[in-house]
Structures are given as C-alpha cells and as structure tokens.
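I have placed the structure first, in the form of structure tokens, so that the comments after it can refer back to it.
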Number of protein chains: 2
Amino acid sequence: MEEQLTTRQVAEALSVSESSVKRWCDRGVIPTVRTVGGHRRIPLPQFLEFLQETDRKLVAPLPTSLKTSSMPTAPLGAGKASAEAQLDLQREFGQSLRDGDLATCRELALRWYAQHGGLAQLADELIASNMELLGHQWEQGEAQVYQERRGCEICSTIIHELNRLIPEVPASSPLALGCTPSGDPYCLASQLAELVLRESHWRAENMGTNVPLSSVTAAVLEKRPRLLWLSVSHIENQSAFVDSYQEMMRTIPEHVVVVIGGRGLTDELRPRLKYTAHCDNMVQLTSFARALHGRRPEITASDN
Amino acid sequence: MEEQLTTRQVAEALSVSESSVKRWCDRGVIPTVRTVGGHRRIPLPQFLEFLQETDRKLVAPLPTSLKTSSMPTAPLGAGKASAEAQLDLQREFGQSLRDGDLATCRELALRWYAQHGGLAQLADELIASNMELLGHQWEQGEAQVYQERRGCEICSTIIHELNRLIPEVPASSPLALGCTPSGDPYCLASQLAELVLRESHWRAENMGTNVPLSSVTAAVLEKRPRLLWLSVSHIENQSAFVDSYQEMMRTIPEHVVVVIGGRGLTDELRPRLKYTAHCDNMVQLTSFARALHGRRPEITASDN
DNA sequence: GCCAAAATCGTTCATTTCGACCACATCGTC
DNA sequence: GACGATGTGGTCGAAATGAACGATTTTGGC
C-alpha cells in the first residue's frame, strides 16, 4: 500500500500536458507500473527519483504527501493511525513556526491540505492552535516576542498562498465583508476567515485590522454584503465597543448576517451584543457559511 | 504556481528573434530549464531577473498571468513618453486601490514590474505613494477608513505575490533581519523592505510589526544577520524609544549594518540615534543594499 | 454488488520547438 | 578598405509537445 500518482497528478505537478507524461512513462524516463486495467501509476519514490535525476523542480504542489528536498526519514507506515500522524504534523509545524522556517511550514501546510482537504481544519489545528501555543510560550518566557511576531508573518504568507489554491469565486456569489475592530491589531483570524469563506464559495473581502465600527457601517452600506464577520481578539474599551457596536447594528440593514468571533468576546460581553452567529473557530464558521450559502450549483433548494 | 515561458513567448515579449533567445539561453544569460524532450523553458522569475539585469523593457505583454484586460488601449508606441504611461498606471493603481479591486491592482503591478523591472521603483511609486495618497484622502474625509485598511490588505497580498516572482535566494547570501518597533502597527514598509532586499539577493526575513527593540536585540544575537532594518512609521513615546534604541545599539555586534527609515524618524529625532544608513524610500534601500552585497552573477565562460 | 460519473487509455493530428546551418549586419583592428 | 570576430535573423527536416477523440477502466455512492 504505497503511494502512487496518476498521470494527471504528475502532469499538474510539472505543469506539462498529460500526453507528455504518458509519453515519458512509455519511454521509460519515468518508471511506471500498471493497474490490471492498464492505467499507468507512478510510485512516489520513483517519481522523486525522476525529479532528482533530471534535476527538475515541482511547479505545483503534489496532491499527496511529499517532502521536496531532504528528509528521507519519516516514512510513516500507513498502518499508523492517521490521527497520530496528524498530531506529528501539527507539532512539527509548531516547531518550524518557532524556528522561523517558512519553507518547512509551507510544505507542511500543503501536505495537510492535500491529505485532509479542509482549509477550516487547517486554519484551526495547524495555524490557530500553534499560534496560540506560541503566544503561551511567549507569555511564559519560553519564546521571544520576535518569534511570535515572525510566526504571524509566516502564517500570513501561507494564508496568502493558500488563497491561490482556491478556485476563483464566481462574481455571482454572495459577498462577505469582515475585519477586526478598532484597537485590535491581530490580523490572522480575519485573514483566515476570508480564506475559509472563499473556500465555501463566498466572495470574501477582508478589510484588515483596526477598522472603526463606524467605518464598517459605511462599508456595509456601500457594498451591501450578505455577511459581515468581525474578529475580536482584543478590546481596549469595552463600553465604547459595545456602544459603537450597537450603533452599527442599528444602522446596517436587517438582512445582513453578522458573525462574530475571537477571544475578545467573553461570556460576559456577548449577551450585550446582538448578532446572527458566534463562532469559536473556523470549522464552525465554515459550516455556518455553508448552511447559509449551499455550495451546490444545482437547484431544488428544499430539505437537507 | 510557478509559470514557465517558451522561447517563442520570450522572443515576442522582447521582439527579438527566437534564434537570439535560444542563443542567450545556451550562453547562460537567461537561466533555462529543459523539458524531458529537450525543449527550453524559462521560469518567470528568471526571466524577470534577466529583464532587470540587462535593463531590457517588455514591448509586448506576456501571455501568462500578466495579461492586460482592463486597458484595451496602451499599445504604447515608443513615441509616447513612457513617463506619461507610467503616470497613468500609477493613477489607475491608486483608483483600483481605493475601489478595493485586488484583481486590477495585481494586474497593474505585474505589468509595471515587467515593463520597468525594478521592484524598488514599484514599491515607491506604485505602493508607497498611493498608500500615502489614500492616507491623505482619509484624513481629509475624502475616503473612508475601511478603504485605507483594505488598501493595506491588497498591497500586502500583492507584496506576497511579488515575492514568489523573485528567484530563490541562495542560502549562502548574507542575512538581513527587520521589523517595526513597539507601537508601530504599519506593516507595509517592512514587508516592502523584505521584498526589495530579496530582489537584491539578500536572505531577508521580516519579523513583522510591533517588536520591542529588546527582542530585536535577542533576534540579532541569535541569528547574527549582516543587516538590520527598522521601519519606523509611528513612535508612541520618543524618549523611551531613544533609550531602548541606544540600549540595542550598545548590545548588538559592531559589524551589524543598521538601516532605518520611515516617517516616524523626524529630522529632530535622527541626530539622537546611531545608525549606518537612513533611507527615505526603497530605491535608496536597494542601492545601499547592493553596494554592500554586489549582485553580479559571474561571467559566461561556459559554452564549448 | 450495481450503476453512473469521472478519470484514464491509446491514438491521431496540428502546432511548436529543436539543432544545425547559412546569410547578413556590426563592430574593432590592422 | 580588408579582415576576422561576433551578434542577429531566417530556414529546414526531425522531434517534442499539447489537444482532441471514442473506448475502457476506476471511483464513489447507494
């Protein structure tokens, strides 16, 4: 039960046509095995060998696990529980994040994406949890501030790159707008929200950090989104926040769905706010967003 | 992800014969990879680097992601002053930035890069100047805050994408570290510094925003960079800043080159700081960085 | 286990690129 | 001006590439 690639996967990874890959296989340049039905399958080790021998680099990520450069270790028996492998990946990502190793982080993220496919889980379990861990380490003096900030930069880079892996959202999709409010400089959560909403076929636009709610109101009035998300990690002045929030909710149209989330929204604060949904993580946001805007292109909007 | 060009595409973009392109590739002037069948393929980053190093201009649009859809005109006879076309591009970018039109901004930036080749000029004249303009408009009530913040997000996205157009920096290159100090949340300048330093073949690592100078010191001591940049847009407490700055300069090794820049460094403040160089923009930073670390790739000398 | 959808097969065909060669223009030197 | 060295643009048959097609296999849901 070893990993194998199809001609199409190889073609996309090298950005050449499928025809060429087939020809190369037939010529023996890429060692190939055949299924009983005659389809070509390229074992991953052979493919890596081919990459090395012809001095070729991947131009697109492989849809399965792969370490491009070194790291011949970690062969990971398939027998091993995938949950455990998942934990390993998560830990390794955290370590690379602390070390400031963007390349490894990128690779691990792509691997996670290829294996699990869900950006929301990636956002929660790879990025959010590890950044939270890094924050704890910093608070306890186990990590430097610059490591935490650099980790933010690395995650931001990866989020931007993941964005490019998502198929373009049609202009007919509903619009979602979001940001962090005044005084909240923590940009990652809002960037992640944009990412997972796009994955769920929303036309998501992140307005960034530190946006006064009065300006959010203006944005909503002008762009008329279907959904508005607010990521609140930190609040400077609670009562001022509640006031401006209530003012915003009075002004924007009724039909705008407001989703809020973030550590800043304590159990005590939330009852004072009116909103459509509260999300603790990106998995919740995704499932809510999909419930609102089913991603079926097909009709029959009834039931399930 | 990483696009590749054929000899014909390059030839048309430069309006030279295909034979010449092939010869240049074979001589190593344009780094080339080969398909399995022996066809030449030029990775986009290498091509852009070639453009820049030989001071060549694009005369026809590239058939890749840099397609020009939004501007049906612009056949740009060499007769028309390119300076004027440049201004048009600059203005159009600013407009799209205000409108939150990422796609158009991306296109314009790529076009600028392909035509003028210098990321530093792009950073100064497209991004910095337009963000400054947007800031002014906001101050004078001509633009909403959210438009300014969104503009930041768009620019950040574009910077991340431009990073992928730069050929990978060899691990033997000198290391550059940088960030913005405590209380300064303005991330773009530092991201631009990272970008243009990479373009000049530095191994640049941006540590992000809001990093206490004490932690910067720790980073320098641990990673031992050759260059340290500080982008200072805003200072909360001047005397505290000067104190921590001087403390940092006392602690880090002598041989570390310290480059500072940003609006926050007023004429009055600068004399109180010790530094290697002060830069008002990215063009200056680039020329300084290149003086320090020459970028000439060695000779031809191969052939036979 | 069965069925429909999706992916891959082998093949053919038009287009592009290769490598090699040649004609011509532009230099700098004698 | 003759000369060689060098760079450019063009042509040619051979080879590689990429896209198309109907037929077959694999996949995934029930």
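Quick note on labels: first sequence line is chain A, next is B, and so on, each numbered from 1.
Within the 4.5 Å cutoff, the side chain of B/W24 has heavy atoms near those of the B/F50 side chain.
Nearest heavy-atom pair across B/H201 and B/P174 is O-CD, 4.3 Å. A pairwise comparison of heavy atoms in B/P43 and B/R41 identifies CD-O, 3.5 Å as the closest pair. Considering all non-hydrogen atoms of both residues, A/Q4 and A/V33 come closest at NE2-CG2, 3.6 Å.
The nearest whole Å value for the distance from the CD1 atom in A/I42 to the C1' atom in C/dC9 is 13 Å. In this entry the distance linking CG of B/D26 with P of C/dC18 reads 9 Å, nearest Å. If you take CD of B/Q4 and C1' of C/dT16, they are 16 Å apart, rounded to a whole angstrom. Between the NZ atom of B/K22 and the P atom of C/dG19 there is a distance of 7 Å, rounded to whole Å. In this structure, B/R8 places its CZ atom 14 Å from C1' of D/dT11, rounding to the nearest Å. Atom-to-atom, NE2 of B/H39 to P of D/dA14 comes out at 15 Å; the value is rounded to the nearest Å. Taking atom CZ of A/R27 as the reference point, atom C1' of D/dA15 lies 9 Å away to the nearest angstrom.
Comparing the end axes of the helix from C/dG1-D/dC30 to C/dC30-D/dG1, each fitted to five base pairs by superposing C1' atoms of four pairs onto the next four, gives an inter-axis angle of 50° (nearest 10 degrees).
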Identify the pairs formed between an N or O of the protein and an N or O of nucleotides 2-5 of chain C at a distance under 3.5 Å, and give each distance.
none

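Under 4.0 angstrom from either OP1 or OP2 of D/dT8 there lies at least one side-chain N or O belonging to B/R23. For the OP1/OP2 pair of D/dT17 and a distance below 4.0 Å, the side-chain nitrogens and oxygens of A/W24 include at least one atom meeting the criterion. Checking the phosphate oxygens (OP1, OP2) of C/dA7, no side-chain nitrogen or oxygen of A/T6 falls inside 4.0 Å. Residue B/R34 has no polar side-chain atom (N or O) positioned under 4.0 Å from OP1 or OP2 of C/dT17. Residue A/R41 has no polar side-chain atom (N or O) positioned under 4.0 Å from OP1 or OP2 of D/dT25. The side chain of B/S20 places no N or O atom within less than 4.0 Å of a non-bridging phosphate oxygen (OP1 or OP2) of D/dG7. For D/dG10, the OP1/OP2 oxygens have no side-chain nitrogen or oxygen of B/S19 closer than 4.0 Å. Not one side-chain nitrogen or oxygen of A/T35 sits closer than 4.0 Å to the OP1 or OP2 atom of D/dT25. A sub-4.0 Å separation between OP1 or OP2 of C/dT17 and a side-chain N or O of B/R40 is absent.
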Test side-chain contact (heavy atoms from CB on, under 4.5 Å) on A/L126 and A/I158; report intermediate values, then the result. CA-CA 11 Å; A/L126 261 198; A/I158 289 177; over 6 Å; no

For A/R23 and A/D26, what are the C-alpha separation, side-chain angles and deciding distance, and is it a salt bridge (Lys or Arg N to Asp or Glu O under 4.0 Å)? CA-CA 5 Å; A/R23 231 174 295 112; A/D26 294 346; over 6 Å; no

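Side-chain polar atoms of A/Q90 and A/S129 form a donor-acceptor pair below 3.5 angstrom. With hydrogens and angles left out, the side-chain atoms of B/E199 and B/T286 include no donor and acceptor closer than 3.5 Å.
Comparing A/V16 and B/E18 by the nucleotide of DNA chain D whose heavy atom lies nearest to each, the residue mapping closer to the 5' end is B/E18.
Within 6.0 Å of atom CZ in B/R34, more than 12 heavy atoms from other residues, nucleotides or ligands are found, so the atom counts as buried in its surroundings.
Residues forming a side chain to side chain contact (heavy atoms under 4.5 Å, CB included) with A/C25 (at least two apart in sequence, or on another chain): A/V21, A/I30, A/T32, A/R40, A/I42.
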